[in-house]
Amino acid sequence: MRIFITGVTGMAGSHLAEYLLQGEGLEVYGTFRWRSRMDNLDKLKEDGRLNIIASDLEPTLPNRINSSKLNLMEADITDPFSMKRVVAMVRPDRIFHLAAQSYVPVSWIAPAETLHTNIVGTVNLLEAVRAAGIDPIIHIAGSSEEYGYVLPNELPVTESNPLRPLSPYGVSKVAQEMLAYQYFRSYGLKTIVSRGFNHEGPRRGEVFVTSSLAKQIAEIEKGLKDAVLYTGDLSSKRDWSDVRDFVKAYWLVVEKGTPGEVYNIGSGVAREVREMLDMLLGMTDASIEVKLDPARLRPSDAKVLICDATKFRKFTGWQPQIPFEKTLKDLLDYWRERV
Ligand code: NDP
């Protein structure tokens with residue numbers, strides 16, 4: 001079976017590739033760009049499990065694909081030609097569409113780029129599938145940010161909750177999901193959407209709140225910065241899971257999900273950012289002052305997001321296994337090794 005992952009160099013994509021490569025009989029392919037951060041794939045590289053295919057030179061796949069390796073192909077989802085080329089070459093049976101401009105605050109600074117990458121990028125992928133004449137199951141990574149403004153009596157949110165996105169990123173994910181639905185209805189493409197709540201762990205981009213706080217603590221421990229930790233709003237509540245649990249859920253989406261459907265994925269437990277920070281501070285001996293940085297506040301923010309994943313759990317039995325303390329400890333250790 002051939003698996004194709006867009007955004008394999010990202011946090012979720014790299015963990016998903018490692019998870020899939022533990023299995024037997026899967027050929028795993030993924031996209032990267034010339035400017036991609038490749039360090040998330042360091043573990044696979046060290047193990048000799050990366051194979052770069054020159055997709056601009058070869059019209060078809062080389063005869064001998066090593067199924068124990070991640071096969072990387074250069075492509076940009078905003079470019080219809082590169083998407084058509086790589087999808088036609090791989091002819092995947094399963095697609096995980098993870099590539100995105102994934103950072104909410106950047107979507108206020110660069111809304112057009114966010115909408116273009118996330119929406120047009122999805123069209124390019126779906127059109128590439130149509131052009132190749134293949135019939136894969138396609139997972140589209142939607143987000144809890146699609147719910148945005150949630151009323152207290154709507155918590156925890158189910159899939160039928162109104163979508164009231166509060167950022168261009170949230171809007172882009174709603175549009176992605178609508179495209180998945182439209183291509184399912186219009187052309188019978190087997191798209192399945194997950195609305196993922198926050199997932200974290202090693203390799204989380206340093207701009208995201210968990211990673212930013214963990215990295216600052218690691219820098220303070222090494223004396224690389226003053227013992228002041230800058231934060232944004234600490235009162236928001238988020239439903240956090242571990243990315244290594246999440247990629248298992250993504251696999252269950254394509255194995256057991258129904259095309260045309262949408263599934264919430266999350267733990268069902270919400271914690272304030274302040275609680276998460278206290279947990280991180282409890283993992284260090286450094287004495288640290290916490291200061292609000294107004295530049296880190298958002299124009300509008302989903303105050304509380306809690307997931308009701310009953311629909312997904314019912315037919316998959318998925319439950320997060322990794323305690324949040326371990327997720328944060330592994331993230332802090334990840335930064336301790338890097339700063
Ligand atoms: P990351 O930001 O870590 O990874 C994003 C990936 O997308 C990177 O590999 C990036 O590559 C790639 N990418 C961005 N733009 C393009 C482009 N134009 N062409 C090709 N590739 C591109 O995100 P995550 O791994 O955390 O998230 C994966 C998906 O899940 C995203 O769609 C995100 O929106 C969604 N999601 C994530 C949640 C979370 O809590 N992590 C929650 C809900 C949804 P490059 O290095 O080249 O930029």
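Heavy atoms only: backbone and side chains are in, while hydrogens, waters and symmetry mates are out. We count ligands from 1, going down the list as the structure has it; atoms in each ligand are counted the same way.
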**OP:** Kindly state whether the ring of Y169 and the ring of Y103 have centres lying under 6.0 angstrom apart.
**Re:** no
Subject >> Neighbouring protein residues of ligand 1 - any heavy atom closer than 4.0 Å >> reply: G7, T9, G10, M11, A12, R33, S36, R37, A75, D76, I77, T78, L98, A99, A100, S102, T117, A141, G142, S143, Y169, K173, G196, F197, N198, H199, R204
Original post:
Side chains of E27 and Y29: donor-acceptor distance under 3.5 Å anywhere?
Top reply: yes
Original post:
How are the rings of Y147 and F197 set relative to one another: parallel (under 30°), tilted (30 to 60°) or perpendicular (over 60°)?
Top reply: tilted
Original post:
Would you say K222's side chain and V339's backbone share a donor-acceptor pair under 3.5 angstrom?
Top reply: yes
**OP:** Tell me, please, whether Y187 has R130 positioned over its six-membered ring: NZ or CZ under 6.0 Å from the ring centre and within 45 degrees of its axis?
**Re:** yes
Original post:
Do W335 and S211 have side-chain N/O donor and acceptor atoms under 3.5 Å apart?
Top reply: yes
